[in-house]
Amino acid sequence: MPSANHELYQDAILKTPSPSFAIEQVRDIASKLYGLTGNLFPLPSERDQNLRICTEAGDQFVIKIANSAENPAIIDMQLKALEHIALVDPELPVPKVLFSRNGSAIEQIEAENGTNHSMRILTYLSGASPQMTPTDRALHRPMATCLARLALALRGFFHPKANYELLWDLKHASKLRQYLPYVTDANHHELVNYFLDRFDRNVLPLIPRLRAQVVHNDFVPDNILVAENDPGRIVGIIDFGDLIHTSLINDLATTIAPMLIEQADPVRVAVEILAGYHELVPLEETELRILYDLIAARLVTLNMIAYWRATIHPYNREYITGGVDETWSLLEAWRAQNPTDVTKEFFRVCGLWELHAVNSMEKGANEPLEGHLSRRARLLGPCAYLFYDRPLHIVRGEGVWLYDNDGARYLDAYNNVSHVGHCHPHVVNAIARQARRLNISTRYVHGYILELAEQITKRMPESLSVCMFVCTGSEANDLAWRMSKLVSGNSGALITKFSYHGSTTATVQLSTETIPEVKLPSHVQTLFAPTSDSTFRKPDSGLGSAIMALGEHGHQPAMLMLDTAFASDGIYTSPEGYLNTLFAKTHAAGGLCVADEVQGGFGRLGQHFWGFQFDDAIPDIVTLGKPMGNGHPLAAVVTRPEIAETLANETGYFNTFGGNPVSCAAGLAVLEVIEKESLQQNALKVGQYLREHLAVLQRDYPVIGALHGSGLLQGIDIIKPDGAPDPEMADRIMNRMRENGVHIGTTGPNGAILKIRPPLVFQKEHAEILLVAMTKALDDILI
Ligand SMILES: Cc1ncc(COP(=O)(O)O)c(C=O)c1O
């Protein structure tokens with residue numbers, strides 16, 4: 001048999017015989033060093049010498065005399081860990097350390113043959129060894145809970161020796177290959193290689209990213225004691241010999257693996273233990289992804305070390321290798337499981353549903369796009385259209401970046417909902433924290449809704465002091481429309497020529513992007529948005545004629561609703577005089593003025609926090625949405641108290657989800673990030689930089705017409721040589737840029753305007769990536 005080429009610490013320990021002090025000698029030492037007297041009884045140990053001492057007072061202790069190869073510093077770590085656990089979670093049934101007369105936790109004693117040994121004394125924990133049968137589940141939950149509590153208790157513990165190299169530490173599983181020559185059965189050989197290959201591929205690269213701390217690392221039934229009269233109650237945790245600093249998840253895998261042996265449904269047992277642990281120590285996605293392979297690695301470890309130990313203690317071979325056959329059978333059964341399905345089950349029990357992310361860890365396990373698209377068409381119907389000629393399957397987002405299911409990264413210069421960046425940790429944490437605590441409707445008193453209302457209204461003109469929370473921009477506009485009709489007593493609506501205000505029955509009729517102007521109902525009439533050169537059609541952009549047209553159909557204006565970023569009209573801001581002129585005229589005709597800030601609000605436009613501030617105008621109602629929850633559905637209507645009062649007197653208003661504590665936590669977090677990260681200022685700065693460089697491109701590429709918009713909402717007209725809009729070219733550029741790794745969109749009455757609308761954490765370097773991708777797209781298409 002080959003010898004291990006990796007000289008490990010435990011190799012030396014296993015090869016060194018256990019100490020064999022005479023009982024009298026130990027009695028003398030205990031009495032002299034610790035003042036302990038009583039009857040001594042030997043206890044079994046493979047590598048140390050252990051004795052139980054029972055004093056006349058009836059107290060019991062364990063005297064542990066370490067193998068001479070044992071490093072006192074490692075014993076010191078184990079004892080300090082016990083003290084730490086007792087400090088943090090005194091209820092955990094771990095032994096207490098007895099200090100010698102010298103005040104030491106460890107004493108050095110010398111054997112007759114001159115070898116030195118570390119000695120310590122711990123309190124003796126009484127209890128029964130668990131007698132578990134494969135069908136007995138009573139201990140699964142208590143073990144999971146106890147392990148989780150141990151992990152929590154050790155979280156703040158550190159010791160300079162804590163990361164010594166221990167082969168039982170799963171992070172070294174790859175090194176088990178050195179013992180493969182001891183495995184003579186070809187099937188077992190292949191099984192070990194199969195799982196170690198998986199370990200190398202799936203686990204090794206992730207180890208540096210995993211949470212790590214000192215863990216027990218051998219929390220198995222052999223190392224616990226249960227109450228004599230209650231086999232489901234753990235009363236003792238007795239072996240801290242494998243304590244190590246390693247990935248936290250290794251500790252759980254180490255506990256789960258042996259519990260699966262001889263189980264008819266090992267996945268179910270694993271899931272049960274996992275669920276109990278996760279309740280106290282919520283696991284992270286990456287940890288769950290590798291749990292299947294870590295459990296296998298632990299099983300491989302059990303057998304490989306058993307073979308290796310058998311070569312060191314050949315006289316004891318039968319005892320040492322007693323359980324290997326059952327472990328091999330379990331490994332076979334484990335291999336027969338579909339790892340993706342097992343991992344999905346792990347995700348499910350932990351309340352995580354990122355199944356695509358799980359899928360993507362298994363090469364080839366992803367559903368091909370064609371299959372996905374036909375399933376989508378069948379299940380979601382024809383309205384669920386997708387962006388780009390080659391649709392994307394996005395599985396993850398971070399800041400300005402999106403990642404598809406093949407791991408490809410895209411710069412997101414289009415999605416405004418993720419206003420402060422995809423999955424901003426401050427927002428994600430705020431949502432998760434509140435979701436764990438409470439989510440409930442607004443029929444109960446809650447602080448967050450008031451805080452959010454205060455934060456929003458303090459950013460509004462003073463008169464707009466009432467906030468009504470809803471879930472979508474459409475609902476907000478629907479409510480604004482309802483209030484406008486009630487307050488004005490009129491029935492007509494005024495909108496721009498290519499507007500979008502929502503998808504409800506009422507707001508779709510306010511959306512000329514969806515219902516062409518000629519098909520609008522007669523109670524809705526249109527006016528002109530400001531144009532690309534930031535001018536408007538004086539004197540009133542067609543508002544007067546629109547009001548007249550309403551009158552011709554028996555309506556008076558109830559409301560003028562304007563998207564203050566004119567995003568669907570082509571992306572403009574209000575030139576001086578535009579809003580004030582229109583607001584004055586609408587008021588004079590009896591209508592209310594609604595600023596739809598669903599696209600332009602929350603600092604995106606750079607110069608101002610709200611779009612209506614570009615003309616220093618004061619609306620009667622402001623509607624908010626999209627970016628407000630950074631992806632969490634949250635929207636609002638902000639208005640004057642008397643307007644809300646009119647609605648309250650008429651019908652009142654209730655929205656089950658609007659303003660719930662989780663949504664408000666998201667909304668508050670978004671505002672905090674905007675403020676702390678100066679995102680409005682960033683929008684202004686990066687927006688200007690982008691505009692300057694787009695202007696350079698404009699000089700070189702005649703397809704680029706006017707540039708408009710503000711901050712991080714920019715429009716680029718794409719034109720034909722005669723200056724006419726060129727929607728086909730705009731579409732080709734957008735799709736080409738997608739191929740070049742940058743997402744933008746198109747908008748405008750002809751779809752001939754490129755729309756740039758990234759999360760506000762977009763920096764100059766991102767703008768540069770966008771410019772390069774756009775230049776390349778133009779060159780690819782034009783040259
Ligand atoms: C200006 C504007 N108003 C209202 C809406 C409707 O918002 P939601 O889709 O959340 O209902 C949108 C959505 O794109 C919008 O851009």
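Counting starts at 1 for both ligands and their atoms, following the listed order. Sequence positions, counted from 1, serve as the residue numbers for this chain. In this text the structure is predicted, and so the values were computed from the model without any measurement.
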For this session: Give me the ring orientation class for Tyr448 and His446: parallel if the planes are under 30° apart, tilted from 30 to 60°, perpendicular past 60°.
Result: perpendicular
Problem set entry | Mutual orientation of the aromatic rings belonging to Tyr414 and Phe387 [parallel < 30°, tilted 30-60°, perpendicular > 60°] | perpendicular
Exercise. Mind checking what residues have non-hydrogen atoms under 4.0 angstrom from ligand 1?
Worked result: Thr472, Gly473, Ser474, Asn477, Tyr500, His501, Gly502, Asp563, Asp596, Val598, Gln599, Lys626
Problem set entry | Min side-chain heavy-atom separation Gln680-Glu675 under 4.5 Å | no
Exercise. Taking atom types as modelled and ignoring hydrogens, do the side chains of Asn630 and Ser418 form a donor-acceptor contact shorter than 3.5 angstrom?
Worked result: no
Exercise. Does Phe536 have Lys538 sitting over its ring (NZ/CZ under 6.0 Å from centre, angle to axis within 45°)?
Worked result: yes
Problem set entry | Test item: Ser678 side-chain N/O and Ile674 main-chain N/O as donor-acceptor pair under 3.5 Å | no
